[in-house]
Amino acid sequence: MEIIRLRRDLDRLGVDNSSRPRAAPRDDLLDRAAILEQWAISLGIAEFIACALLRKADILFALNRHDDTLEALTAARSALGRLRESDLLAFILTKQAEALACMNDWTRVNDICAEGISLVEQFRFKITPQYAQSAYLRPRISLYTLGVRAAYEIGQPDLALGRAELAKCRSVLRYQAQDRDEAPSQSDDVEPEFRKVCQQIDAAQKSPRGASEALRNKRRALWDLLTIQRFQSRGVDTLPEFSVTAVQDALGSNDAVIYYFRIDAETLLTCVLNRDEFVIDMLPFPPAAQTALEEYIRESSQSGEGNLGLLARFLWPKRDHLLWNKSRLFISPHQLLHAVPFHALPFNGDFLIKTFAVGYIPNLSSLLLKGRRPAKPKVLAVGITDYHVDGVILRRLPDAEIEAHEVQDTHQGRGIHVDLLSGSEASEERLLLRDMGEYTCLHFATHGQNVESDTPMESYMYLVDSKLEAIEIANWRLRADLVVLSACSSGQRAIRGRGMNQLPGDDLLGLQAAFFAAGARRVLCCLWPVGSKAARTIMVAFHGFLAGGMEAEFALQAAIKQYLGGARILRREPSYWAPFFLALVGSPSFQE
């Protein structure tokens, strides 16, 4: 009982300290902390002694008594010894780094963060579900962000980028590193059960009541088990080893990269690099920038409207000379910046897309994933105009089936085999009868659904008689170089969720993530709802340039430039064409 009471009082002390205004007096809290520390010492339990000292350190930190904070944290670490490395020790190191940062002692911050990051990395990926990884990283993310800042301040830019990479969307690398051709083990009963539950949910969705939450929870649990099983069977992660030099070697002479990493609420690290040089800077991101970003996301999520010119003032790197004379630009956003169509930002008096073919990458390390040997092109085109989904009323997409037929004609005109599913043929049953792994390109012209922040892997797009959810797509085995989602909001990704204002690990979740998890290397998708006519015009032009031999990034640039050249003035607004963007992982092909 005494231990339970001590734990309860320590928890109450933490709540009282965090709820008190920063400038408020805390002498009473320090007195309580001292009493609880002595109580823990009398019980002789190391982790409770360390917890009491951690509470004391939190109070001292709130009082800006940073030397005393460090003293309390040192005592907490000494009391803890080798216990609770995965949580309490990591917390102690995090708080030490935060106190030292307030003192601008960046050399010591660097050392503490190096130790803390190494510790967190030992445990982080033992938790496989991505939201659980984000939850684990949430109280420890300061080790990474302060580690990046410290490396920058002491003049080690390579180290700064390496630490940023550890904190930025590692999940997509782990999924892509899986051998998707490997057949499931005969003893594995999780995948058949997962497929069975998916079928039950599909059947239930055709009833007025829909699928029960219990059934959906069962599928989520099975998906987590399936993911864990696959990673465990693979053994040690064989992810590409990051270095700036390796990234530069992966680029062509006409390529450049702009990379973003959010340090804190008011600081943004930017990096510009090409094959020969790189520079990193810290950009101020004042409250006005945060407000502008939040307003843009709110306004653009449904229609694409928003003030991109204002955002460009805050987001464009200080030193962009490394972009001169380049033709392709890879952009790696971070956190809320994933909602910004950078290709529509003003640049040299016009849109950025007019100067650069643009591709979006989750991180720099994604450029280091090995490419695939070219396969004989084969395309699957799916287009649906009228829908017959039980319990759902969907507006017609008059151009969708025409778009799919024109995609077919475009590729067949170049001697490329195309399978077409349109109208009533575009059902989930007919789709899944096919070997999805034999196609090098998949094209879907259909309705998509906005990402749900708490259940993003249940985002979906519609087939003629059902909805196809991301969690099912992620279980496919694809070898497609390109997936085209000509569908509203199909490129949105979760940037918040489950009580987290921003996902600390910047994990990729949503339809886009599902296709990458299934094995695709490029996904062309949409940030917000799109017009059927504009989608058809741009997508058919894109496939025309693609079939003619252009790389996907250049094909999309050419298609958008062609659209802008022929559209009436009103329809040249970014809301019509800017939702289309190309996300990719893997070593880029060169177009010198």
Side-chain angles (χ1 to χ4, degrees), residues 250-257 274-275 323 325-331 341-344 347 350-361 366-367 369 371-381 403-418 439-445 478-486 491 515 520-526 534-567 577-592:
L251 299 175
S253 61
N254 292 322
D255 294 339
V257 179
N274 59 31
R275 196 160 71 175
L323 306 180
N325 302 318
K326 305 303 179 188
S327 58
R328 179 166 58 176
L329 179 61
F330 298 110
I331 298 175
F342 284 84
H343 54 285
F347 182 77
D350 213 325
F351 299 115
L352 186 73
I353 194 71
K354 289 287 194 73
T355 302
F356 302 103
V358 177
Y360 291 82
I361 53 176
S366 61
L367 295 173
L369 291 168
R372 296 190 180 121
R373 284 176 293 183
K376 184 177 180 181
K378 186 174 183 180
V379 177
L380 174 66
E403 178 182 319
H405 281 276
E406 290 178 342
V407 167
Q408 180 187 41
D409 293 342
T410 297
H411 285 282
Q412 287 187 162
R414 296 279 184 170
I416 298 170
H417 180 84
V418 181
Y439 297 103
T440 58
C441 175
L442 306 173
H443 180 99
F444 294 90
L478 299 180
R479 293 191 58 81
D481 294 314
L482 173 67
V483 174
V484 179
L485 303 178
S486 184
F515 281 101
R521 284 300 175 94
R522 284 178 169 85
V523 181
L524 198 169
C525 42
C526 302
R536 173 188 165 194
T537 301
I538 293 172
M539 290 297 95
V540 172
F542 165 76
H543 279 281
F545 292 115
L546 187 74
M550 278 191 182
E551 289 296 323
E553 298 92 331
F554 291 94
L556 182 59
Q557 179 194 33
I560 289 175
K561 288 171 73 172
Q562 181 174 294
Y563 170 83
L564 289 171
W577 56 267
F580 299 101
F581 73 100
L582 189 75
L584 69 145
V585 296
S587 179
S589 302
F590 299 152
Q591 180 164 317
E592 304 293 358

Q: Indicate the atoms forming the closest heavy-atom contact of Ser486 with Glu403, along with that distance.
A: OG-OE2, 3.0 Å

(Q) Is the shortest side-chain heavy-atom distance between Leu478 and Leu442 below 4.5 Å? (A) yes

Q) Once you round to the nearest 0.5 Å, how far does OG1 of Thr355 lie from NZ of Lys326? A) 14.5 Å

Q | Check: Phe356 ring centroid to Phe347 ring centroid under 6.0 Å | A | yes

Q | Exercise: identify the closest heavy-atom pair between Arg275 and Leu251 | A | CD-O, 3.0 Å

Q. Is atom CG of Asn325 surrounded by more than 12 heavy atoms (other residues, nucleotides or ligands) closer than 6.0 Å?
A. no

Q.
Ignoring hydrogens, what is the shortest heavy-atom contact between Leu323 and Ala256? Give both atom names and the distance.
A. CD2-CB, 3.6 Å

Q: Output the distance between atom NE2 (His443) and atom CG (Leu482), rounded to the nearest 0.5 Å.
A: 10.0 Å

Q.
Just verifying a value: how many Å separate Ile331 CD1 and Phe342 CZ, rounded to the nearest 0.5 Å?
A. 6.0 Å

Q.
Within this structure, what is the CG-CZ distance for the pair Asp481 and Arg522, rounded to the nearest 0.5 Å?
A. 7.5 Å

(Q) My understanding is that only residues two or more places apart in sequence, or in another chain, count here; which of them pass side chain to side chain donor-acceptor pair (under 3.5 Å) with Lys561? (A) none

(Q) How close do Gly586 and Arg521 get, counting heavy atoms only, and between which atoms? (A) CA-NH1, 3.7 Å

Q.
Tell me if the centroids of the rings in Tyr360 and His343 come within less than 6.0 Å of each other.
A. yes

**Q.** Taking every non-hydrogen atom, the tightest pair across Ala344 and Phe351
**A.** O-CD2, 3.3 Å

Q.
Quick check for you: to the nearest 0.5 Å, what is the distance between Leu524 atom CG and Phe542 atom CZ?
A. 5.0 Å

Q.
Can you tell me how far apart CH2 (Trp577) and CG (Leu556) are? Round to the nearest 0.5 Å.
A. 9.5 Å

**Q.** Asn254 side chain near Arg328 side chain, heavy-atom distance below 4.5 Å
**A.** no

Q.
Quick one about Glu406 and His543 (side-chain donor to acceptor, distance below 3.5 Å, no hydrogens or angles considered), yes or no?
A. no

Q) Is Leu367 close to Pro588 at the side-chain level, that is, under 4.5 Å between some pair of heavy atoms? A) yes

Q.
side chain to side chain contact (heavy atoms under 4.5 Å, CB included) for Phe545 and Gln557? Distances and angles first, verdict last.
A. CA-CA 10 Å; Phe545 292 115; Gln557 179 194 33; over 6 Å; no

Q.
Give me the atom names and distance for the closest heavy-atom approach of Glu553 to Leu584.
A. OE2-CD1, 3.6 Å

Q: Go through Ile416 and Thr440 one step at a time and tell me if the side chain to side chain contact (heavy atoms under 4.5 Å, CB included) criterion holds.
A: CA-CA 11 Å; Ile416 298 170; Thr440 58; over 6 Å; no

Q. Any side-chain heavy atom of Val484 within less than 4.5 Å of one from Val407?
A. no

